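Take a look at the following structure, please.
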Amino acid sequence: MKMLNLLMGCSSLLLFSCSKAQQFSPELAENEKQMKSAVANTSSLNVLASSWNLVFSDEFNTVGNFDTSKWTYSPRLSPAWAKYLTSSPTYAAQNGNDMVLRMDNAVIAGDPVPYHSGGIQTSTKFNFLYGKVEVRAKFKQGQGSWPAIWMMPEVPVSYGGWPNSGEIDIMEHVNYENVVHQTIHNGSVTNANGGSSATKTTTYNTADYNTYGIVWSPGAIQFYVNNVLQYTYTKAANASSAQWPFDKPFYLILNQSGGAGWPGAINNADLPFHMNVDWIRVYKEIPVLGNPGFEAASLAPWLTWNPAGNTAVVTTHFRSGTKAIRQQGGETSLEQVITGLIPNTTYVFGGYGKVGTTGQSVLFGAKNYGGAAKDAQVTSTAYQNASVTFTTGPSNSSVTVYMYKPNTGTAYGDDFYLNQQ
């Protein structure tokens, strides 16, 4: 593989860090569509915050080997960061509180290398596309030491060999520096020597644990130290894979390396090196549907099109809480634009509805997500659930959801929801 043939060393400049990876929807009636599009383009639409759902974690609170359902040893390879990796619990094990990744110069029979080091990774066990990562860790400084928390693509050559398929360095540290490095690598920002122009150095608490993290979205990667935003790498308009290969699943790596490449030679008097990882947590972003039960004092962030007064929050006919939405009169629609969705991802939008008289109907649906508009009909005079499942397009990160009453009559709605499958 090409990654095994790249340069093994590089300089530690302020703006250039050396990569470890040098190794490696049927359509609605025409008038309804036009009116809804006008609503969707209204500048007063609220941009809602998102919440986070924990999808992967390890608290490292046991003693002995790591959880093999989550981790494997990082294998020894010829690149600098992987040159001394050793698949042994001596170099990667839990002590009851932390995952301890160690490096020393012990002599191991049958393994004649001057140093041994520990690393673990989630490749083949867990990977993800977009989300938030947080890792609490501490490490010992020393000449030749190189601890790191980072990410690589599960398919390493989706856009070509390194650095073209990308690398995300959540934290790297070398030697006795009082800063950590947070870096992006790809075909656009990485030079021939392995240095990157997309990097940031940040001071850290050298005597204790620190929390290192990223928030990775379809349009940016934000880097944090102790919950403070340090650096943002943004996807360019009309970006090619050279600038943004970060639309594929990546996996996690934790390692204590050194003695080759960026940090240079080891001072044996500084050994052993170690990085202690207290915990690691990965979250997926959950788009927030605003005011889903209509318990707020106003409709916002829902918008409507219809004659004035035909849609209102009422304190009768609620399914739960103390309020519901009522649509009356002629054709009426209630809509909300949800942002922060993930491209090529399946979601379910729904709610509970009922009509005032048998023979009437109301629709719950989704559109403007990258596919044809979809809806589900309610004709019951008692509350009934209705939902639609939709999959965002390859470049779509928003959807317009709605409750639409196509004819005269009265309809009620309550307890709307949006979930990712």
Side-chain angles (χ1 to χ4, degrees), residues 1-10 16-24 56 71-72 74-83 85 119-133 148-172 181-200 214-223 231-255 257 261-262 282 284 342-345 394-395 397:
M1 296 175 67
K2 180 180 178 183
M3 64 182 177
L4 299 181
N5 299 319
L6 295 173
L7 294 174
M8 304 296 290
C10 67
F16 297 88
S17 71
C18 176
S19 168
K20 299 170 299 304
Q22 289 181 14
Q23 63 248 345
F24 43 39
F56 175 90
W71 305 94
T72 62
S74 295
R76 184 176 299 173
L77 300 167
S78 59
W81 80 276
K83 188 174 182 178
L85 288 173
I120 58 175
Q121 61 189 34
T122 66
S123 180
T124 74
K125 306 287 185 176
F126 171 77
N127 59 65
F128 66 103
L129 174 64
Y130 310 129
K132 176 168 69 173
V133 182
I149 301 164
W150 54 301
M151 297 167 56
M152 285 290 287
E154 186 69 66
V155 178
V157 292
S158 294
Y159 295 113
W162 190 90
N164 298 295
S165 293
E167 173 181 327
I168 304 170
D169 296 330
I170 300 172
M171 186 283 297
E172 295 180 275
H181 301 253
Q182 296 179 296
T183 305
I184 286 292
H185 286 282
N186 59 35
S188 174
V189 301
T190 302
N191 62 36
N193 293 323
S196 173
S197 59
T199 188
K200 175 72 164 57
I214 62 165
V215 174
W216 175 23
S217 69
I221 302 173
Q222 299 173 307
F223 292 84
Y231 173 63
T232 301
Y233 180 79
T234 304
K235 181 181 180 181
N238 302 314
S240 68
S241 63
Q243 193 270 334
W244 189 262
F246 305 108
D247 56 1
K248 304 290 184 183
F250 276 56
Y251 64 91
L252 298 154
I253 309 169
L254 309 172
N255 66 275
S257 296
W262 186 10
V282 181
K284 295 289 285 186
I342 302 171
N344 294 317
T345 301
S395 61
S397 58

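Everything numeric in this text was worked out from a predicted model, so none of it was measured.
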Point to revise | Trp216 side chain reached by Val282 side chain, heavy atoms, under 4.5 Å | key: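 A side-chain contact is absent here, since even the closest heavy-atom pair is not under 4.5 Å.
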Review point. Hey, what do you get for CD (Glu172) to CG (Asn255), rounding to the nearest 0.5 Å?
Key: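 Nearest 0.5 Å value for the CD-CG distance: 8.5 Å.
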Exercise for review: Determine yes or no for a side-chain-to-main-chain donor-acceptor pair under 3.5 angstrom, with Gln243 supplying the side chain and Ala236 the backbone.
Suggested key: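 At least one qualifying donor-acceptor pair exists.
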Review point. Is a side-chain donor or acceptor of Gln121 paired with a backbone partner of Leu252 at a separation under 3.5 angstrom?
Key: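 Not at all, since once roles are kept as given, no pair shorter than 3.5 Å links the two residues.
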**Study point:** Minimum heavy-atom distance Asn164-Pro245, with the two atoms named
**Key:**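 Of all heavy-atom pairs spanning Asn164 and Pro245, the closest is O-CB, 3.4 Å.
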Point to revise | 4.5 Å side-chain heavy-atom contact, Tyr231 and Thr183 | key: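 No - every pair of side-chain heavy atoms lies 4.5 Å or more apart.
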Check your understanding: Is there a donor-acceptor contact under 3.5 Å from the side chain of Asn193 to the main chain of Gly195?
Key ->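 Not confirmed, Asn193 side chain does not pair with Gly195 backbone.
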Check your understanding: What closest approach, in Å, do Gly166 and Pro153 show between heavy atoms, and which atom pair accounts for it?
Key ->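 Shortest heavy-atom separation between Gly166 and Pro153 comes out as O-CD, 3.2 Å.
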Check your understanding: Is Thr122 reaching over with its side chain to a backbone N or O of Trp71, donor-acceptor style, under 3.5 angstrom?
Key ->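 No: the side chain of Thr122 does not pair with the backbone of Trp71.
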Review point. Between CG of Asp247 and OH of Tyr159, what distance do you get to the nearest 0.5 Å?
Key: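 Here the rounded value is 3.5 Å.
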Point to revise | Thr232 versus Thr234, closest heavy-atom pair with distance | key: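 Shortest heavy-atom contact: CG2-OG1, 3.7 Å.
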Review point. Judged by atom type as modelled, is there a donor-acceptor pair below 3.5 Å linking the side chain of Ser165 to the main-chain atoms of Gly160?
Key: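 At least one qualifying donor-acceptor pair exists.
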Check your understanding: Quick one: CG on Asn344 to OG on Ser397, what's the gap to the nearest 0.5 Å?
Key ->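 Asn344 atom CG to Ser397 atom OG measures 11.5 Å (nearest 0.5 Å).
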Practice item. Measure the CG-CD1 distance between Asp169 and Ile184 for me, rounded to the nearest 0.5 Å. Key: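 One finds 8.0 Å between CG of Asp169 and CD1 of Ile184.
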Exercise for review: Using only heavy-atom distances, determine whether the side chains of Trp162 and Glu167 contain a donor-acceptor pair under 3.5 Å.
Suggested key: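 Short answer, yes.
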Practice item. Using a 4.5 Å cut-off on heavy atoms from C-beta on, say whether the side chain of Val133 contacts that of Met151. Key: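 The answer is yes; the side chains approach within 4.5 Å.
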Practice item. Please name the pair of heavy atoms, one in Ser74 and one in Ile253, separated by the smallest distance, quoted to 0.1 Å. Key: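 Nearest pair, atom of Ser74 first, then Ile253: OG-CG2, 3.9 Å.
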Check your understanding: His185 and Ser196: which non-hydrogen atoms are nearest, and at how many Å?
Key ->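 In this case the closest contact between His185 and Ser196 is CE1-CB, 3.6 Å.
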Practice item. Measure from the side-chain N and O atoms of Thr345 to the backbone N and O of Pro343, and report whether any donor-acceptor pair falls under 3.5 Å. Key: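 Side chain of Thr345 to backbone of Pro343, a donor-acceptor pair under 3.5 Å: yes, one is there.
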Practice item. Give the ring-plane orientation class for Phe250 versus Phe246, where under 30° counts as parallel, over 60° as perpendicular and anything between as tilted. Key: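 Ring orientation, 0 to 90° scale: tilted.
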Exercise for review: May I ask you to test the Tyr233-Ile168 pair for a side-chain heavy-atom distance under 4.5 Å?
Suggested key: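 Answer no - side chains too far apart.
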Exercise for review: First locate atom OG of Ser217, then atom CD of Gln222, and finally report the distance between them rounded to the nearest 0.5 Å.
Suggested key: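 Going from OG on Ser217 over to CD on Gln222, the span is 6.5 Å.
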Review point. Could you give the distance from OH (Tyr130) to CD1 (Ile214), rounded to the nearest 0.5 Å?
Key: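 Reported to 0.5 Å precision, the distance equals 12.0 Å.
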Practice item. Just jot down the side chain to side chain donor-acceptor pair (under 3.5 Å) partners of Glu154, sequence neighbours excluded, or say none. Key: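 Side chain to side chain donor-acceptor pair (under 3.5 Å) list for Glu154, sorted by chain: Ser123, Asn127.
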Review point. Would a line drawn from the ring center of Trp262 to the ring center of His181 be shorter than 6.0 Å?
Key: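 Here the rings of His181 and Trp262 have centres that are less than 6.0 Å from each other.
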Point to revise | Parallel, tilted or perpendicular, as decided by the 30° and 60° cut-offs, for the rings of Phe126 and Phe56 | key: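 Aromatic pair Phe56/Phe126 classed parallel.
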